[in-house]
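Counting convention: from 1, in listed order, for ligands and their atoms alike.
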Amino acid sequence: MKNIVILISGQGSNMQAISEARTTEQWPARIAAVISNKADASGLQWAASQGIATATVDHKQFDSREAFDAELARVIDTHAPDLVVLAGFMRILTAGFVRHFEGRMLNIHPSLLPAFGGLHTHQRAIDAGCHLAGATVHFVTPELDHGPIVAQAAVPVLPGDTAERLAERVLAQEHQIYPRAVRWFVEGQLQVNGQRVTQLQGQPQLTLAG
Ligand code: GRF
């Protein structure tokens, strides 16, 4: 049984999708804890209602990123994680923190990386005239929004799209690809070779949304 620790900052809809898929599909894994940097993250309440251990490590209580990350890593490690899942966790992590969990930490980013790392991805995709947007699940490396790509979902940008409408359609795809990617990890179905990730059963790592 693998231990998954999920980090959130907000509603945690990806966390919920992962937790529900784990239960429905009976993965060989448990959600050991959900941890937030914000005490009022609504996803914490949902996790607690499911009987999942929750914790808050408030970044505002720390003088430096290093001090915050050290405490966050300490709290995560008390749950003996096999995998750390960043699910809408809105903090830039120090290289030391990332190295500590390297190879066992995944993130989802709402763009087709390597395009549009950082914030405001949907508006930037619309402003750039893209006809395709999407989301990417990747292993976390010290460089922000980089790291070997596990899965991507491509979503068309429609005429007249707003950032909100596009974000909604992308998020629906995030809820499909993130649970799938986490399941592949806990079942040992991912092989990483440099920047390239292979799904060992040949399952599709690209989803094209209509
Ligand atoms: C998602 O779009 C995620 O990709 C981004 O923030 C959003 C979080 O959504 N980084 P949720 O908290 O999982 O609902």
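Relative orientation of the Phe68 and His59 rings is perpendicular, given thresholds of 30° and 60° on the angle between their planes.
The closest side-chain donor-acceptor pair between Gln11 and Ser42, if any, does not fall under 3.5 angstrom.
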| request: Give the intermediate values and the outcome of side-chain hydrogen bond (donor to acceptor under 3.5 Å, both in side chains) for residues His175 and Ser13. | output: CA-CA 8 Å; His175 297 161; Ser13 67; 2.7 Å; yes

| field | Verdict with supporting geometry, Asp69 and His100, side-chain hydrogen bond (donor to acceptor under 3.5 Å, both in side chains) | value | CA-CA 11 Å; Asp69 280 7; His100 182 70; over 6 Å; no

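Considering every non-hydrogen atom in both Ala151 and Trp184, the closest pair reads CB-CZ3, 4.3 Å. For the pair Val98 and Met105, the tightest heavy-atom approach, listed with the atom from each and the gap, is CA-CE, 3.9 Å.
Around ligand 1, the residues contributing at least one heavy atom under 4.0 Å from the ligand are Gln11, Gly12, Ser13, Asn14, Gly88, Ile108, Pro110, Leu171, Glu174.
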